[in-house]
Amino acid sequence: MSFEWREIEEKWRRRWEEARIFEADPDPKRKKCFVTFPYPYMNGPLHLGHGFTACRVDVYARYKRMRGFNTLFPWAWHWTGEPIVGAALRVKRGDKDMIRMLREIDGVPEEELSKFTDPVYMAEYYTAEGRETVKRIGFSVDWRREFHTTSLEPTYSRFIEWQYETLRKKGYVVKGTHPVVWCPHCKSPTGDHDRLEGEGVSAEEYTLLKFQFEDTYLPAATFRPETIYGVTNMFLNPDATYVEALVDGEKWIISKEAAYKLSEQLRKVEILREFKGTELIGKYFIDPVSKRRLPILPGWFVDPNSATGVVYSVPAHAPADWIAIRDLMEKPELLKKFGIDPRVVKEIKPISLIKVEGFGEYPAIEIVEKMKIKDQFDPKVDEATSIVYKKEFHTGVLKPITGKYAGRTVREVKAELIEDFKRDGIADSMYDLPEKVVCRCMTRCIVKVLSDQWFLKYSDPEWKELAHEAIDRAKIFPESARAYFHEKIDWLRDWACARRTGLGTPLPWSPDWIVETLSDSTIYMAFYTIVKHIRQYNIRAEQLTNEVFDYIFFGLGDPERLAEKTRIDIDVLRGMREEFLYWYPVDLRVSAKELVPNHLSFFIFQHTALFPPELWPRAIGVNGMLSIEGKKMSKSKGNFLKLSDAVERFGADVTRLTLLLGAEDMNDPDWRDENAKSIDLRLRALYRFVSEIIGLEGESEVRNIDRWLISVLQGRIRTVTDAIENLKTRTAAEVALFEIWNDIRWYLRRAENPNPKILLEVVDVWIRLLAPFIPYICEELWHMIGRDGFVSTADWPLPDESKVDVKAEEAEDMIRELINDTANIIEVTKITPKRICYYVSSDWKWKAYLEMLQASTSGKVDMGSVMKSLMRDPELRRLAKKVSAYVGKSLQEVNTLPDDKRRRRLEAGEMDELKILNEARSFIEREFKAEVLIFSEDDPERYDPKNRAGAAKPYRPAIYIE
RNA sequence: GCGGGGGUGUCCGAGUGGUCAAAGGAGGCAGGCUUAGGACCUGCUGGCGUAGGCCUGCGCGGGUUCGAACCCCGCCCCCCGCACCA
């Protein structure tokens, strides 16, 4: 039998659409469930990563729907931002890489390509393709609520305007300044993707220590201001160009480059004169802390491009400084050129200020010697610096010379010390790049401080507190992600929420700015609840005044007056308010872990800013990042798989299940075509298997094995249900498909004549358990077993305690163990068995065993006390010797039995092993192709030539094979 | 560097103190079906062992415990994020 997935999938997709089963409207009589997937950005097609996360949402939605929840799963498209515009621009310019990527990876047809010069067309194209893909893969979406972002969707734009005006009113949006990596040529921030060199490098704040020099300052840049206590001299590059400049009114000596940089950092810089470093070499400056007079020495290693180009020297703790001084000591002729008396350098004594384990007085000197560093141009200098720095920062304790900071670690005092120094006027700061960054246009980048930026005040401690609380109130899947959220909430600084370019919604109070993409996507789930009405009643953006949104989302104002003013029907207005209140809060939002520090945290922050706690998100799922064939997905590396291609090649159910079986929690799933192929075969086999077993004929009598199957099924139902509740979608899918399948296979192997009623019951449950994962084939199977309606809306099975039969399960375990043991013996002895004899335990062993088990529930059992209590039983007393031998052999087993197993065995009580084995006899005979005889160990008539019977233990019959 | 996650058998991957030689899947092997099969079905799948046992084993090295894949300490390695960007 062979069939096409596509046929089945199209059939059921059509029927679902016709029956509108995924359209959800408020129904006060039913509990609701509102799940969301972060709308995907439409600068390209949906890929398998989207598919993975959305599958998890869909499984949850489908499960909740089957549990009777009125379930809403809406979908929308994110158009906000720069990349779509950038991509269109690249097409317009005829960028070959871009066009090749569109053609080969995105699969854009030739006749469409020319239209991609228009960013809006591009977004529309991918949206249309995405919509079809989402439908084909079978996500249970209510399409009446679909929308996209930006001013091209005026009602959404109005929503964002309202959101930002409200945030601003509440003080969460403020104006400020911000340092960015900046290309002076392009006159714009240089993001990672716009760089030729310096990926990942960002602005760092250097502390400037202002050493006095005549009537000016030499602001030396450092990350280690605490080392000022060990300063011995200054280094300037004699060949570099320095300037004397007024910086905010103070006279500074800095490199020429530094002057330019400072002028871009909101400093007022006025250059007074230019000169070479040489000019100052040999002169003296004053250390503002100790007031000592120290020399300025030549240092060719000093880079005028790095910060101020002024470096102070701490030879005890900075390897580079020590080497530079040593170089000068060894080459007095260099000093002579600058007219410096070599004694000046000879007399420099390193000053130790940090005590650090593993080093003596002068860590820098020690490491330079240890690493055998030649001179200041040796590349090993950086490594040495980093080693000393790390060690001193983490474990270094400041010495008495540091005054009030003495006795504490560097790590502890750093921030405080900088603050103190700044207050005392001896320190300042500037931004710079720790490594060279070069723009695509070949220009070297600097740090610019942008002013007039609009920020979301995520740094606000009170707001952070609310966000923490929201996380504490929510369910977080997996639980381990909770700490991650808390960490990231603390770490977040103010977020520049507006940009100059790209698609989006203009800031209402400053329309030359556009609300930035991560900032217009934080509470839009609320928009899903009303966009239905907006469409249905053709409500225009102008009608959606701030008062209207205040009413819908906050319940403020008088709806009658509003209706009059906006000419929105009063019932529609009320309907929107009710619909919002019905669906909110969001019951589950799922995304990949990369979005925790930004989108998901923003989502939390803004909900706490705008809504009361009862409307904060109830649960957040976080999952891993999908890779393809073991490699990170990347368009530029050609390692990219469109979701639509996977569905096209493998079908919706196969794609879904392959993704879902890939991983759960924060583990990263890996898509492999091989896996998809084997899932394809599996699902075809499933179809066949179900159609075969529902046609089986057999006994209607209910035997132990029948009770076993029904009983273990209850456990499977519980496992799958609990797993989905906790978004453990992989576990759920694995148990639902493979474990239940194996249960049925064991049943078929065991039962000579399977009971059709039992099988139908099991299959009925099985299909329902599988439906959230592979809905299409399940609809087909549901139909095949004669059920009406959709499995998608059938009742979710729940475990029936009355069908749990611990005794039947324990009996079956015992038989499996016995078969394993038997097989083991046969393998070892290499005999071909003709006859297998089993001897089951006598009643007194059971009595003793159960009593031991009971005793072990309240702690470890020891020989003495257990024997004492057993001997109170007259029957056991008569067999004292045998009992004590048996107890001795069983004690350890009883004591190490896991609690769960102990409970189950106590609940099962004494097993009628004779009956159980007799019922399984023909099965065992079939398995071993031998005659099977079963006796009680104390049966005087038993056949027992090797006297094995005595070895029988409860759950472990003795075996004799010949 | 900081923060988060992780290293398990041939591979993927579950497992967080005894049920663990370790679920499930893939691959491999054997048998069945078949004209044949890379299709399907069934079973087996660390090593050793002439009686249900023993040995080795869960990144590396120590430790705690009657008992450790699981707890503690130290080390090595991999993945993700680190801000104006989706």
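In the text below, chain A, chain B and the rest are named by the order of the sequence lines, each starting its count at 1. Quick caveat: nothing in here was measured; it's all calculated off a predicted structure.
- Among the heavy atoms of the strands lying under 4.0 Å from Pro957(A) is at least one base atom, whether or not backbone atoms are also near.
- The number of heavy-atom neighbours closer than 6.0 Å to CD of Glu925(A), taken from other residues, nucleotides and ligands shown, is above 12.
- The nucleotide rU50(B) finds no pairing partner, because no Watson-Crick or G-U wobble arrangement with both distances shorter than 3.5 Å includes it.
- Between Phe640(A) and Trp671(A), the ring centre distance reaches or exceeds 6.0 Å.
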Extract from the structure each pairing of a protein N or O with an N or O of nucleotides 16-21 of chain B at less than 3.5 Å, listing the distance.
| unit_1 | atom_1 | unit_2 | atom_2 | d |
| --- | --- | --- | --- | --- |
| rG18(B) | O2' | Thr896(A) | O | 3.4 |

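- With rA23(B), rU50(B), rA86(B) as the candidates, the nucleotide lying closest to the side chain of Arg730(A) is rA23(B).
- Asp670(A) comes within 4.0 angstrom of no nucleic acid atom, judged by non-hydrogen atoms across all strands.
- In plain terms, the two heavy atoms of Leu507(A) and Ala498(A) that are nearest each other are CD1-CB, 4.0 Å.
- Residues Glu907(A) and Arg904(A) are not paired through a salt bridge, judged by the lack of any N-O separation under 4.0 Å between the basic side chain and the carboxylate.
- The pair Lys728(A)-Asp665(A) counts as a salt bridge, with a side-chain nitrogen and a carboxylate oxygen less than 4.0 angstrom apart.
- Looking at heavy-atom distances under 4.0 Å, Glu734(A) makes contact with a base.
- Between Lys830(A) and the phosphate of rA51(B), there is no side-chain N or O to OP1/OP2 separation shorter than 4.0 Å.
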Nucleotide N/O of nucleotides 39-48 of chain B paired with protein N/O under 3.5 Å:
| unit_1 | atom_1 | unit_2 | atom_2 | d |
| --- | --- | --- | --- | --- |
| rC40(B) | O3' | Arg688(A) | NH2 | 3.2 |
| rU42(B) | OP1 | Arg745(A) | NE | 3.4 |
| rG43(B) | OP1 | Arg749(A) | NH1 | 3.4 |
| rG43(B) | OP2 | Arg745(A) | NH2 | 2.8 |

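- Comparing Glu664(A) and Asp821(A) along RNA chain B, the residue whose closest nucleotide (by nearest heavy atom) sits nearer the 5' end is Glu664(A).
- Checked by atom type and distance alone, the side chain of Lys464(A) never pairs as donor or acceptor with a backbone atom of Phe605(A) at under 3.5 Å.
- Within 4.0 Å (heavy atoms only), Leu518(A) reaches at least one base atom of the nucleic acid.
- In this structure, Trp746(A) and Phe923(A) have perpendicular ring planes: the angle between them is above 60°, well past the 30° mark.
- Using a 4.0 Å heavy-atom criterion, one finds that Lys946(A) contacts no nucleic acid atom at all.
- Residue Asn623(A) places no side-chain N or O under 4.0 Å from the OP1 or OP2 atom of rG5(B).
- When heavy atoms are screened at a 4.0 angstrom cut-off, Val180(A) is found touching no nucleic acid atom at all.
- Base engagement by Leu492(A) is indicated by at least one non-hydrogen atom pair under 4.0 Å involving a base atom.
- Phe37(A) is linked by a ring-ring contact (aromatic ring centres under 6.0 Å, His included) to Trp75(A), counting only residues two or more places apart in sequence or in another chain.
- Here the straight-line distance linking atom CG of Asp680(A) with atom CZ of Arg684(A) works out to 4.0 Å at 0.5 Å rounding.
- For the salt bridge (charged side-chain N to carboxylate O under 4.0 Å, His left out) test with Glu810(A), the passing option among Arg903(A), Arg902(A), Lys901(A) is Lys901(A); the others fail.
- Note on Asp665(A): nothing from the nucleic acid sits closer than 4.0 angstrom, heavy atoms only.
- Residue contacts for Glu674(A): at a heavy-atom cut-off of 4.0 Å it reaches no nucleic acid atom on any strand shown.
- Side chain Asn824(A) to base rG49(B): a donor-acceptor pair is found below 3.5 Å.
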